[in-house]
Amino acid sequence: LMERHGFGAPVLCGYPLRLSSPQLLRQWIEWADTIIVEFPWQYSYVRSQAGAKPVVLAAHNVQAAKSRSGGEVGLADRMLIACTDRLERQAVLGADLIIAVSSEDRQEFAQRYGAEVDKIVVVPNGADIDQYRPTDQTTRLALREQLGLPPGPLVIFPAPHRQAPILDGLK
């Protein structure tokens with residue numbers, strides 16, 4: 001609902017987790033030795049189910065900073081931004097480890113929330129251009145034929161949702 005109305009993040013999705021308490025998710029949490037949470041709005045529920053197990057926040061970015069980058073905001077947006085701040089602060093300060101995608105995000109988590117820098121590791125998000133590089137034309141054509149791909153340019157753009165930044169990147 002929030003994505004359709006332009007906010008771009010399902011900030012309130014942690015609350016339905018608390019209400020529904022999905023059995024399969026609880027089973028996976030019980031089975032796991034370490035739990036990885038991707039977004040701060042999922043953290044509180046997962047932490048409440050994890051007991052003493054380590055919980056890792058695998059942050060795609062600093063959500064509070066991202067939510068403020070959308071330009072002009074109304075009252076509802078300000079409330080969602082405040083909620084994002086609160087949920088992200090709780091996740092960052094409570095997680096046993098935080099995975100950030102850049103050194104800038106690592107610094108932002110430390111400065112914005114007072115997180116211990118030692119518990120934030122940077123795992124860059126991108127491609128290894130030394131390992132993955134274009135191949136010669138003959139190999140490319142053989143692979144296209146083997147995979148049943150049509151001739152001409154081909155773009156693969158995996159995206160988990162249809163938020164404005166992702167659609168802009170696709171364009």
Ile35-Tyr43 co-clustered via ILVMFWY side chain contacts under 4.5 Å: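 Same cluster: Ile35 reaches Tyr43 through Ile, Leu, Val, Met, Phe, Trp or Tyr contacts under 4.5 Å.
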same_hphob_cluster(Trp31, Leu25) at 4.5 Å side-chain heavy-atom cutoff: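 Hydrophobic grouping puts Trp31 apart from Leu25.
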So, do [X] and [Y] sit near enough that their side-chain heavy atoms are less than 4.5 Å apart?
{"X": "Gln23", "Y": "Arg26", "answer": "yes"}
{"X": "Val122", "Y": "Pro124", "answer": "yes"}
{"X": "Arg106", "Y": "Val117", "answer": "yes"}
{"X": "Ser44", "Y": "Gln90", "answer": "yes"}

Listed partners of Asp136 passing side-chain hydrogen bond (donor to acceptor under 3.5 Å, both in side chains), at least two apart: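 Once residues adjacent in sequence are excluded, the partners of Asp136 under the side-chain hydrogen bond (donor to acceptor under 3.5 Å, both in side chains) criterion are Thr139.
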Check against side-chain contact (heavy atoms from CB on, under 4.5 Å), Val121 and Leu97: CA-CA 8 Å; Val121 296; Leu97 178 72; 4.0 Å; yes
Lys119 (side chain) donor-acceptor with Ile98 (main chain) under 3.5 angstrom: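 Here the side-chain-to-backbone pair does not exist.
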Intermediate values then yes/no, side-chain contact (heavy atoms from CB on, under 4.5 Å), Val56 and Val37: CA-CA 6 Å; Val56 176; Val37 176; over 6 Å; no
Pairs where residues 27-50 contributes a residue and the test salt bridge (Lys or Arg N to Asp or Glu O under 4.0 Å) is met, not counting sequence neighbours: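 Pairs touching residues 27-50 that pass the test: Arg47-Asp96.
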From CG (Leu57) to CD1 (Ile120), nearest 0.5 Å: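 Leu57 atom CG to Ile120 atom CD1 measures 9.5 Å (nearest 0.5 Å).
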Spatial distance of atom CG (Leu141) from atom OG1 (Thr135) [nearest 0.5 Å]: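 Answer for the CG-OG1 pair, Leu141 versus Thr135, is 10.0 Å.
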Compare every heavy atom of [Y] with every heavy atom of [X], then report the nearest pair and how far apart it is.
{"X": "Ala50", "Y": "Ile29", "value": "CA-CG2, 3.9 Å"}
{"X": "Val101", "Y": "Ala59", "value": "CG1-O, 3.6 Å"}
{"X": "Tyr113", "Y": "Asp85", "value": "OH-OD1, 3.3 Å"}

side-chain contact (heavy atoms from CB on, under 4.5 Å) assessment of Trp41 paired with Thr84: CA-CA 8 Å; Trp41 29 89; Thr84 300; 4.3 Å; yes
Test side-chain contact (heavy atoms from CB on, under 4.5 Å) applied to Phe109 and Glu88, step by step: CA-CA 9 Å; Phe109 283 130; Glu88 188 166 56; 3.7 Å; yes
Arg140 and Gln137: side chain donor to acceptor below 3.5 Å: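 On atom types as modelled, these side chains qualify, holding a pair under 3.5 Å.
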Enclosure of Glu145 CD (heavy-atom neighbours >12, cutoff 6.0 Å):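 Counting other residues, nucleotides and ligands, CD of Glu145 stays at 12 neighbours or fewer.
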ILVMFWY cluster membership beyond Tyr132 - transitive side-chain contacts under 4.5 angstrom: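 Result for Tyr132 is none, singleton.
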